[in-house]
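All residue numbers in this chain count up from 1 along the given sequence.
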Amino acid sequence: AAFTGIDELKPFYERDIDVSYLCNIHMNYQRIKILPVLDKLGERYKVITTKNGRFSKEEFYKLSKQSKISVSIAGRSWDAPKHYELMLCGALLFISRPSIEIAIDLKDGENCVFLENDFKHLEKQVEYYINNPALSSSIAEKGYNLAKNYLGNDKLAEYILKIVKGVIKT
């Protein structure tokens, strides 16, 4: 199985990839715009991206489970399963600041780290979280637990019913 219990995942400080960015970079401009910043970070940290080609799903999960920080930028739409897959791989999720209401309650600095659209703070954010492994590990574990506890079929069905009821009332 791609996803395992948090106890079966490597601890933050034992992961050998500092930052991963594993997406189809051609989905929108923001996904390409971040590449120069990641290239610069690659001078100081181990950074893996898909700029030279995509990875298979198996490679995606393997690399994500080896990553301390996984970056996820919105593609065609903001809310995507990949955001939650990365959380379930135990990485600290760096994600675009939400521009829509989403199914689960992502909180900056609590269960993920929000990125601004200009990425001007990304270098400092990476440095801060790499240099504070206890904090990063705690946030990543909270993200893992959030995804695990709120993304089951029953929880997603409850969310959809709540939204539909709200639409029906208006």
Side-chain angles (χ1 to χ4, degrees), residues 1-23 31 34 37-38 41-42 44-50 55-75 77-117 119 121-160 162:
F3 306 113
T4 57
I6 192 78
D7 295 334
E8 298 172 44
L9 296 170
K10 275 187 178 182
F12 184 87
Y13 62 89
E14 288 182 15
R15 292 172 176 237
D16 58 353
I17 299 170
D18 294 312
V19 180
S20 63
Y21 180 57
L22 309 173
C23 66
R31 287 188 172 188
I34 195 173
V37 182
L38 293 171
L41 281 167
R44 296 184 354 213
Y45 301 102
K46 184 170 182 183
V47 177
I48 304 289
T49 71
T50 51
F55 296 99
S56 69
K57 204 64 163 164
E58 183 178 287
E59 291 171 311
F60 168 84
Y61 290 127
K62 181 181 177 189
L63 292 169
S64 296
K65 289 178 181 180
Q66 294 173 322
S67 300
K68 293 175 182 171
I69 296 169
S70 287
V71 178
S72 190
I73 306 298
S77 61
W78 194 92
D79 202 10
K82 184 175 69 99
H83 304 320
Y84 313 117
E85 289 175 332
L86 294 171
M87 294 169 89
L88 290 168
C89 288
L92 173 57
L93 179 65
F94 275 35
I95 189 167
S96 308
R97 183 173 296 283
S99 58
I100 63 168
E101 180 181 339
I102 56 175
I104 63 174
D105 195 16
L106 294 178
K107 292 185 180 170
D108 188 21
E110 185 175 316
N111 51 36
C112 67
V113 174
F114 290 156
L115 299 174
E116 300 305 328
N117 286 334
F119 306 116
H121 302 295
L122 179 60
E123 283 186 72
K124 288 181 182 178
Q125 288 172 302
V126 167
E127 183 176 347
Y128 177 77
Y129 286 103
I130 292 291
N131 290 327
N132 290 284
L135 173 63
S136 300
S137 180
S138 173
I139 294 169
E141 187 171 341
K142 288 174 186 170
Y144 172 90
N145 288 327
L146 178 72
K148 182 178 176 260
N149 294 329
Y150 290 96
L151 291 176
N153 290 336
D154 56 337
K155 296 293 182 183
L156 292 174
E158 287 174 18
Y159 172 74
I160 291 169
K162 176 183 157 193

When rounded to the nearest 0.5 angstrom, what is the spacing between [atom1] in [X] and [atom2] in [Y]?
X      : Y      : atom1 : atom2 : result
Ser137 : Tyr144 : OG    : OH    : 13.0 Å
Glu123 : Leu41  : CD    : CG    : 5.0 Å
Gln66  : Lys10  : CD    : NZ    : 5.5 Å
Ser70  : Ile48  : OG    : CD1   : 11.0 Å
Leu115 : Gln125 : CG    : CD    : 5.5 Å
Ile139 : Leu146 : CD1   : CG    : 13.0 Å

*Assess whether atom CD of Glu14 is packed by more than 12 heavy atoms of other residues, nucleotides or ligands within 6.0 Å.*
yes
*asked:* Can you confirm whether more than 12 heavy atoms, excluding those of Lys57, are under 6.0 Å from its NZ atom?
replied: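 Yes - once you tally the heavy atoms of other residues, nucleotides and ligands closer than 6.0 Å, there are more than 12.
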_Audit row: Leu86, Ile95, side-chain contact (heavy atoms from CB on, under 4.5 Å) steps and yes/no_ = CA-CA 10 Å; Leu86 294 171; Ile95 189 167; over 6 Å; no
Non-hydrogen side-chain atoms of [X] and [Y] separated by less than 4.5 Å:
X      : Y     : result
Phe94  : Val19 : no
Glu59  : Leu22 : no
Leu122 : Leu38 : yes

Could you check whether any side-chain N or O of [X] sits under 3.5 Å from a backbone N or O of [Y], counting only pairs where one atom can act as donor and the other as acceptor?
X      : Y      : answer
Arg97  : Asn117 : no
Thr50  : Cys23  : yes
Ser136 : Asn132 : yes
Arg15  : Ser67  : yes

List the atom of [X], the atom of [Y], and the distance in Å for their closest heavy-atom pair.
X      : Y      : result
Ala140 : Gly90  : CB-O, 3.5 Å
Ile69  : Tyr129 : CD1-CB, 4.3 Å
Phe55  : Thr49  : CE1-O, 3.7 Å
Phe114 : Leu106 : CZ-O, 3.7 Å

*Tell me, with the steps shown, if Val37 and Tyr21 meet side-chain contact (heavy atoms from CB on, under 4.5 Å).*
CA-CA 12 Å; Val37 182; Tyr21 180 57; over 6 Å; no
*Asp18 and Lys68: salt bridge (charged side-chain N to carboxylate O under 4.0 Å, His left out), yes or no, with the steps?*
CA-CA 5 Å; Asp18 294 312; Lys68 293 175 182 171; 3.3 Å; yes
*Indicate whether any N or O donor in one side chain lies under 3.5 Å from an N or O acceptor in the other, for Tyr45 and Glu127.*
no
*Which residues pass the ring-ring contact (aromatic ring centres under 6.0 Å, His included) test with Phe12, sequence neighbours left out?*
none
